[in-house]
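Written out below as structure tokens is the structure these notes cover.
These numbers were taken from a predicted model, which means no experiment stands behind them. Lettering of chains follows the sequences in order, A, B, ..., and the numbering in each one begins at 1.
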Protein chains: 2
Amino acid sequence: MALEHDRLLDETGWEILELLQQDARVPFSELGRKVGLSAPAVAERVRRMEDAGIITGYRAQVNLQALGYAMTAIIRLSSPAEKCTLAGHKLAELPEVLEAHRVTGEDSWVVRVAVRSVEHLERLINQINLYGDSNTAIVLSSAVTQRVISKPKEQATTPRR
Amino acid sequence: MALEHDRLLDETGWEILELLQQDARVPFSELGRKVGLSAPAVAERVRRMEDAGIITGYRAQVNLQALGYAMTAIIRLSSPAEKCTLAGHKLAELPEVLEAHRVTGEDSWVVRVAVRSVEHLERLINQINLYGDSNTAIVLSSAVTQRVISKPKEQATTPRR
DNA sequence: GGTGAAACGCGCTATTC
DNA sequence: GAATAGCGCGTTTCACC
């Protein structure tokens, strides 16, 4: 498995991966031109990266504001231990929840949500408070929303060969 | 602008949007079949949604672990007011930063990061600490990583017609 | 703003190296 | 594991509504 990854993730593999993260709809033929491979070769590599679980999907990115979601917020939730798993299930069901991460530390979950209005946020917080104490921070702006993952720099701590 | 959105975001528009969020690579012809439109009609709608800023891009999703990033974490950063903007620029430059949100409340920034190891995390925290006090929570699991945005339910607070 | 037909270009597969 | 060639299909453009 790790061997398979190493074979796929050579210089060209990373190039393909970065290009697909920037624009998931680029034709294989164009990818091939950019990385110096034929279209079928690129298609084959991409298929193998999908099979290996390296590429997990292709998503259209949408503008939340344009879709009527006026604001996003970060909600931290501290659940008592026995409610924590249940809280996870509930969070996964709420359509406002964009991400929900179970974390170490004082909080149980860190959640990013999108809401249409302050009133909507209030109702959502009321729902979430059923599972513990929450702390909400409104997002004012975002310096980074979705980074393209590129090849990790080699480190002395992870020697090769 | 809002009028343009309303025209684009009818029942069919939302269907297309949801399908593209699930799989950005579906052919227009298949989209057309699913929503009951011809391929050129779908292509035209998608182009207009892109122009209107509703669709902001198409991204391949990758598996961070498969790419050598063993863990993710949520770092909250409290910067003194005068360093806050500078911190934002710095966060945007760090390749480990997946998202960085400026927020209200006691913290200045909430940041999600991906690192290869605990040592890597330590170095990153050292970098970030130059801009204020930080609090790091390791992500143990994620109940939701990327929700498909669907049509907001109509509310009494936003009357139509 | 949508349809249907035609031209073009892309993706898929088989074959070869 | 990649290149090349042929075929089927998707995309694009256009006239028409």
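One atom, CD1 of B:I16, and another, P of C:dG2, lie 8 Å apart when rounded to the nearest Å. With rounding to whole Å, A:L37 atom CG is found 17 Å from C:dC10 atom P. Rounded to a whole Å, the CD atom of A:E11 is 18 Å from the C1' atom of D:dG1. A straight line from CD of A:E30 to P of D:dG10 spans 20 Å, rounded to a whole angstrom. Here C:dG11 presents its C1' atom at 13 Å from CZ of A:R33, a figure rounded to the nearest Å. Atom CG in A:D10 sits roughly 10 Å away from atom P in D:dG1 (whole-Å rounding). In this structure, CG of B:L31 is placed 8 Å from P of D:dT11, rounded to the nearest angstrom.
Looking at which nucleotide of DNA chain D each of A:R25 and A:G36 is closest to, the 5′-most match is held by A:G36.
Using a cutoff of 4.0 Å between basic side-chain nitrogens and carboxylate oxygens, B:E119 and B:R123 are not scored as salt-bridged.
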Item to check | Test log, rule side-chain hydrogen bond (donor to acceptor under 3.5 Å, both in side chains), inputs A:S78 and A:D133 | outcome: CA-CA 5 Å; A:S78 296; A:D133 296 330; over 6 Å; no

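In this structure, B:S29 reaches the D:dT11 phosphate: one of its side-chain N or O atoms is under 4.0 Å from OP1 or OP2.
Not a single side-chain contact (heavy atoms from CB on, under 4.5 Å) links B:P95 to another residue, sequence neighbours left out.
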Next on the checklist: For nucleotides 12-17 of chain C, give me one character per nucleotide, 5' to 3': B if any protein heavy atom sits under 4.0 Å from the base, S if the only such contacts are to the sugar-phosphate, - if neither.
Outcome noted: SB----

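Distances from the side chain of A:S38 to the nucleotides D:dA3, C:dG11, C:dG1 place D:dA3 closest. If you check C:dC10, C:dG2, D:dT4 against the side chain of B:R45, the one that comes closest is C:dG2.
Residue B:L77 is found in a hydrophobic cluster whose other members, listed by chain and number, are A:V144, B:M71, B:I75, B:L86, B:L91, B:L94, B:V97, B:W109, B:V111, B:V113, B:V115, B:V118, B:L121, B:L124, B:I125, B:I128, B:L130, B:Y131, B:I138; membership requires side-chain heavy atoms under 4.5 Å apart, directly or through intermediates.
Side-chain contact check for B:N63 and A:T56: no donor-acceptor pair (N or O, by modelled atom type) lies under 3.5 Å.
Closest non-hydrogen pair, A:S142 versus B:H101, comes out as OG-ND1, 2.7 Å.
Heavy atoms of other residues, nucleotides or ligands lying less than 6.0 angstrom from CD of B:E82 number more than 12.
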